[in-house]
Participant: 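Dropping a structure here in structure tokens format, bear with me for questions.
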Amino acid sequence: MAEPERTERRLRPAPLLFEPSEAATDPEHFFDLESIEDPSELLARATELTLAFRAAQERAVEFQALAAAQLADPRRFDRLSPAVIAEQAEWTEDYARKMIEFGESLQRGPDTL
């Protein structure tokens, strides 16, 4: 059975508005959500933030994988072993190997995913 084509569109998350430094120190303050009184508006904004954080997390993982693949590249004279990469990233060695493979597939391009 052929794999489905990977044509999923990247989500355009809501902008993450940076919080003023005094608001960031207040544990009850989170992107001004606590000041929204209308439940519909609160749900909409909280959903936007959830999607934005998910998209940011997915992109960050892709960058981790790319970095791991580059650090493990056998063409580098200073390449790192999966064990060293795992230690630096606080991963297991098995997970580091998988991330290196994922990063290599990202480097090859979208047709290899």
Side-chain angles (χ1 to χ4, degrees):
M1 182 162 106
E3 283 191 35
E5 221 177 289
R6 192 173 171 104
T7 58
E8 58 187 66
R9 183 176 60 93
R10 288 226 184 261
L11 291 176
R12 278 260 180 225
L16 295 178
L17 305 175
F18 292 96
E19 300 187 276
S21 58
E22 68 269 2
T25 60
D26 180 3
E28 296 299 315
H29 186 82
F30 187 72
F31 289 91
D32 209 26
L33 293 179
E34 70 286 343
S35 69
I36 300 174
E37 294 185 20
D38 176 20
S40 294
E41 185 181 340
L42 178 60
L43 178 60
R45 181 63 181 145
T47 300
E48 287 175 344
L49 286 170
T50 299
L51 294 173
F53 286 124
R54 283 182 190 156
Q57 185 269 338
E58 289 172 9
R59 291 290 295 160
V61 168
E62 289 175 355
F63 280 106
Q64 282 183 310
L66 286 169
Q70 290 170 1
L71 289 169
D73 189 335
R75 297 172 295 194
R76 289 177 59 117
F77 77 92
D78 61 345
R79 76 173 179 254
L80 300 179
S81 69
V84 172
I85 293 170
E87 184 178 335
Q88 287 185 5
E90 299 181 12
W91 297 333
T92 65
E93 191 171 339
D94 185 50
Y95 186 74
R97 283 192 194 93
K98 290 177 182 178
M99 287 295 279
I100 291 165
E101 289 174 16
F102 179 46
E104 289 168 346
S105 72
L106 290 172
Q107 288 175 329
R108 287 190 296 268
D111 294 339
T112 61
L113 291 177

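These values consider heavy atoms only, across backbone and side chains, with no hydrogens, waters or symmetry-generated copies.
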Participant: Could you list the residues that satisfy side chain to side chain donor-acceptor pair (under 3.5 Å) with Asp38, not counting sequence neighbours?
Facilitator: none
Participant: Looking at every heavy atom in both Leu42 and Ile36, which two are closest together, and how far apart are they?
Facilitator: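 Answer, listing the atom of Leu42 first, then Ile36: N-CG2, 3.5 Å.
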Participant: If you take all heavy atoms of Ala86 and Ala96, which pair is closest and at what distance?
Facilitator: CB-CB, 3.8 Å
Participant: Do Arg97 and Glu93 meet the salt-bridge criterion of a basic N to acidic O distance under 4.0 Å?
Facilitator: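 Salt bridge present between Glu93 and Arg97.
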Participant: List in chain and number order the residues that pass side-chain contact (heavy atoms from CB on, under 4.5 Å) with Glu34, two or more places apart in sequence or in another chain; answer none if no residue qualifies.
Facilitator: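 If we apply the side-chain contact (heavy atoms from CB on, under 4.5 Å) test to Glu34, skipping adjacent residues, the hits are His29, Asp32.
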Participant: For Gln88, what residues pass the side chain to side chain donor-acceptor pair (under 3.5 Å) criterion, not counting sequence neighbours?
Facilitator: none
Participant: Looking at Glu62 and Leu106, what are the two nearest heavy atoms and their distance?
Facilitator: O-CD1, 3.7 Å
Participant: For Ile100 and Ala72, work out which heavy atoms get closest and say how close.
Facilitator: CD1-CB, 3.7 Å
Participant: Looking at side-chain heavy atoms only, is the closest gap between Gln70 and Asp73 below 4.5 Å?
Facilitator: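 Answer no - side chains too far apart.
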Participant: How far does CD of Gln64 sit from CD1 of Ile85, to the nearest 0.5 angstrom?
Facilitator: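 Reported to 0.5 Å precision, the distance equals 11.5 Å.
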Participant: What distance do Met99 atom CE and Leu71 atom CG have between them, rounded to the nearest 0.5 Å?
Facilitator: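 It comes to 11.5 Å.
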Participant: Applying side-chain contact (heavy atoms from CB on, under 4.5 Å), can you list everything that pairs with Thr47, at least two apart in sequence or on another chain?
Facilitator: Leu43, Leu51
Participant: Looking at every heavy atom in both Gly103 and Ala69, which two are closest together, and how far apart are they?
Facilitator: C-CB, 3.6 Å
Participant: Can you tell me if Gln107 has over 12 outside heavy atoms packed within less than 6.0 Å of its CD?
Facilitator: yes
Participant: Do Lys98 and Phe102 touch side chain to side chain, with heavy atoms closer than 4.5 Å?
Facilitator: no
Participant: Please, which pairs that meet ring pair (Phe, Tyr, Trp, His ring centres under 6.0 Å) have at least one residue in residues 73-94, sequence neighbours excluded?
Facilitator: Trp91-Tyr95
Participant: What residues, two or more places apart in sequence or in another chain, satisfy side chain to side chain donor-acceptor pair (under 3.5 Å) together with Glu101?
Facilitator: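 Scan of Glu101 (side chain to side chain donor-acceptor pair (under 3.5 Å), adjacent residues dropped) gives none.
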